[in-house]
Engineer: 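This structure is in structure tokens; I'll ask about it shortly.
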Amino acid sequence: MINIISNQEYNEIEKYLMTISPAIESMKTVPDGSKIQVKKYMIFQDMKENTDETVEILSILTPDNKVYSAQSGTLKRSFNDILNIMGDKPFTIIKTSGKTKAGRDFINCILDVDSIA
């Protein structure tokens with residue numbers, strides 16, 4: 001079951017693409033340094049059928065209708081920080097990743113400042 005948290009407007013196709021489409025690409029598989037142009041984003045909760053566990057997911061829709069998603073708290077915080085600064089202006093993010101001091105993998109994003117005119 002999907003519960004959309006974001007307060008943007010979405011048409012039916014965007015809702016499908018950003019929540020349940022099998023074509024959604026996990027940000028974990030995106031190579032570091034990849035640039036992702038943000039058309040829309042969605043934060044939603046997805047309840048897993050097997051465990052009734054609820055996870056919060058960030059989906060990013062590009063102008064060519066490609067969708068990337070992530071559960072990463074680090075990435076969601078960084079993305080939200082960029083949103084707060086950019087407001088309604090269009091922007092592009094660059095996917096990054098690394099390891100914590102404890103050796104755990106994490107994914108993140110930074111603002112592509114070269115794409116801002």
Side-chain angles (χ1 to χ4, degrees):
M1 180 167 74
I2 304 291
N3 177 33
I4 298 173
I5 299 171
S6 322
N7 60 358
Q8 289 187 317
E9 295 292 322
Y10 309 99
N11 63 37
E12 293 81 5
I13 294 170
E14 291 168 338
K15 285 180 186 177
Y16 168 78
L17 289 173
M18 297 174 80
T19 59
I20 60 172
S21 170
I24 295 172
E25 184 172 352
S26 172
M27 288 290 274
K28 287 189 274 188
T29 65
V30 175
D32 282 358
S34 295
K35 295 183 179 191
I36 300 169
Q37 188 177 358
V38 179
K39 175 183 173 185
K40 285 192 174 182
Y41 71 95
M42 177 187 288
I43 298 172
F44 67 95
Q45 293 174 329
D46 185 15
M47 182 181 290
K48 302 297 180 189
E49 293 176 15
N50 302 353
T51 64
D52 288 339
E53 174 191 7
T54 302
V55 293
E56 186 178 272
I57 299 172
L58 165 67
S59 280
I60 300 169
L61 178 68
T62 66
D64 61 350
N65 287 333
K66 178 89 173 123
V67 177
Y68 300 91
S69 70
Q71 295 179 32
S72 165
T74 302
L75 183 125
K76 289 187 287 187
R77 277 189 301 278
S78 294
F79 186 82
N80 192 50
D81 289 344
I82 294 168
L83 277 175
N84 288 334
I85 291 171
M86 295 305 295
D88 293 334
K89 292 184 179 181
F91 65 92
T92 299
I93 60 169
I94 301 172
K95 189 262 185 172
T96 63
S97 66
K99 287 197 180 288
T100 65
K101 292 178 184 175
R104 293 181 23 204
D105 293 329
F106 69 89
I107 58 174
N108 204 349
C109 67
I110 60 173
L111 176 64
D112 179 13
V113 295
D114 293 334
S115 70
I116 310 296

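All values below were derived from every heavy atom in this structure, side-chain atoms included, with hydrogens, water molecules and symmetry-related copies excluded. In this text the structure is predicted, and so the values were computed from the model without any measurement.
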Engineer: Which atom pair, heavy atoms only, marks the closest approach of Pro22 to Tyr16?
Structural biologist: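 Looks like CD-OH, 3.4 Å.
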Engineer: Using only atom types and a distance under 3.5 Å, with no angle test, would you say the side chain of Thr100 pairs donor to acceptor with the backbone of Ala102?
Structural biologist: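 Such a contact is found between Thr100 side chain and Ala102 backbone.
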Engineer: Examine Ile20 and Met18 and state if one hydrophobic cluster contains both, with Ile, Leu, Val, Met, Phe, Trp and Tyr joined whenever side-chain heavy atoms are less than 4.5 Å apart.
Structural biologist: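 Yes.
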Engineer: Could you check whether atom CD1 of Ile13 has more than 12 heavy atoms from other residues, nucleotides or ligands sitting under 6.0 Å from it?
Structural biologist: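 It does not: Ile13 CD1 has 12 such atoms or fewer within range.
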Engineer: What are the two closest non-hydrogen atoms of Phe79 and Val38, and how far apart are they?
Structural biologist: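 Heavy atoms of Phe79 and Val38 come nearest at CE1-CG2, 3.9 Å.
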Engineer: Against Leu58, only a single residue in Asn80, Ile5, Leu75 fulfils side chain to side chain contact (heavy atoms under 4.5 Å, CB included); can you say which?
Structural biologist: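 Of all the options given, the one that passes is Leu75.
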Engineer: Hey, does the Lys NZ or Arg CZ of Lys66 hover above the aromatic six-ring of Tyr68, less than 6.0 Å from the centre and inside 45° of the axis?
Structural biologist: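 Yes, cation above the ring, under 6.0 Å and within 45°.
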Engineer: Could you list all the salt bridge (charged side-chain N to carboxylate O under 4.0 Å, His left out) pairs where at least one residue sits in residues 75-84, not counting sequence neighbours?
Structural biologist: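 Found Glu56-Lys76.
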Engineer: Is Ile116 reachable from Ile110 through a run of I, L, V, M, F, W or Y residues, each pair having side-chain heavy atoms under 4.5 Å apart?
Structural biologist: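 Not linked; separate clusters.
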Engineer: Check Ser69 against Ser59 and note the closest heavy-atom contact, atom names and distance.
Structural biologist: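 It is CB-OG, 3.7 Å.
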Engineer: Can you get from Val67 to Ile2 by hopping between Ile, Leu, Val, Met, Phe, Trp and Tyr side chains that sit under 4.5 Å apart?
Structural biologist: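 The answer is yes; both residues are in one hydrophobic cluster.
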Engineer: Say you draw a straight line from NZ of Lys28 to OG of Ser72; how long is it, rounded to the nearest 0.5 Å?
Structural biologist: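 Atom-to-atom, Lys28:NZ and Ser72:OG are 9.5 Å apart.
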Engineer: Which donor-acceptor pairs under 3.5 Å do side chains of residues 39-46 form with protein atoms, sequence neighbours excluded?
Structural biologist:
{"unit_1": "Lys40", "atom_1": "NZ", "unit_2": "Glu9", "atom_2": "O", "d": "2.6"}
{"unit_1": "Lys40", "atom_1": "NZ", "unit_2": "Glu14", "atom_2": "OE1", "d": "2.9"}
{"unit_1": "Lys40", "atom_1": "NZ", "unit_2": "Glu14", "atom_2": "OE2", "d": "3.4"}
{"unit_1": "Gln45", "atom_1": "OE1", "unit_2": "Asn3", "atom_2": "ND2", "d": "3.1"}

Engineer: Given Cys109, which of Thr96, Ile94, Val30, Ile82 fulfils the side chain to side chain contact (heavy atoms under 4.5 Å, CB included) condition?
Structural biologist: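 Result for side chain to side chain contact (heavy atoms under 4.5 Å, CB included) with Cys109: Ile82.
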Engineer: Verify the cluster assignment for Phe91 and Met27: are they in a single hydrophobic cluster under the rule of side-chain heavy atoms below 4.5 Å apart?
Structural biologist: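 Same cluster.
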Engineer: Could you check if a side-chain atom of Glu53 sits within less than 4.5 angstrom of a side-chain atom of Met47, using non-hydrogen atoms only?
Structural biologist: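 They are not in side-chain contact.
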Engineer: Quiz question: by atom type and distance under 3.5 Å, do the side chains of Asn108 and Thr74 form a donor-acceptor pair?
Structural biologist: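 The criterion, which ignores hydrogens and geometry beyond distance, is not satisfied for Thr74 and Asn108.
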